[in-house]
Q: 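Can you keep this structure in mind? I'll have questions shortly.
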Amino acid sequence: MNSLRYIPRVSLALALLLSLLALSLSAVAQTAATTLPKGMERVTSVEGINEYRLANGLRVLMFPDQSKQTITVNMNYLVG
């Protein structure tokens with residue numbers, strides 16, 4: 001029964017981590033001279049959507065929307 005309580009906490013922690021990552025990527029994208037943190041590489045950019053890959057293999061797609069002051073995080077798991 002304790003494992004059922006553990007899952008929402010992990011999801012919340014992951015959402016928080018991705019929110020912080022999105023915020024840092026947003027700051028990086030706005031910098032004219034972009035230097036990425038260690039372990040992160042920029043893969044491509046198509047029509048304003050930037051793709052980054054982390055050292056652990058995580059793929060991050062960032063689409064900055066300057067018309068809003070909020071950050072939205074969408075998580076998709078590619079499994080199988």
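Residue numbers run from 1 in the order of the sequence given.
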Q: N56: which residues meet the side-chain contact (heavy atoms from CB on, under 4.5 Å) condition with it, sequence neighbours left out?
A: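 L54, L58.
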
Q: Quick check: closest heavy atoms across P64 and G48, and the distance to 0.1 Å?
A: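 That would be CD-O, 3.7 Å.
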
Q: Is V60 reachable from I71 through a run of I, L, V, M, F, W or Y residues, each pair having side-chain heavy atoms under 4.5 Å apart?
A: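 Hydrophobic grouping puts I71 with V60.
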
Q: What is the minimum heavy-atom distance between Y52 and L36, and which atoms define it?
A: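 Here Y52 and L36 meet closest at CE2-CD2, 3.8 Å.
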
Q: If a pair satisfies salt bridge (charged side-chain N to carboxylate O under 4.0 Å, His left out) and one of its residues is in residues 53-78, list it, with sequence neighbours excluded.
A: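 Non-adjacent pairs meeting salt bridge (charged side-chain N to carboxylate O under 4.0 Å, His left out): E51-R53, E51-R59.
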
Q: Minimum heavy-atom separation for N50 and R42, please, with both atom names.
A: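 So the minimum-distance heavy-atom pair works out to OD1-NH2, 2.9 Å.
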
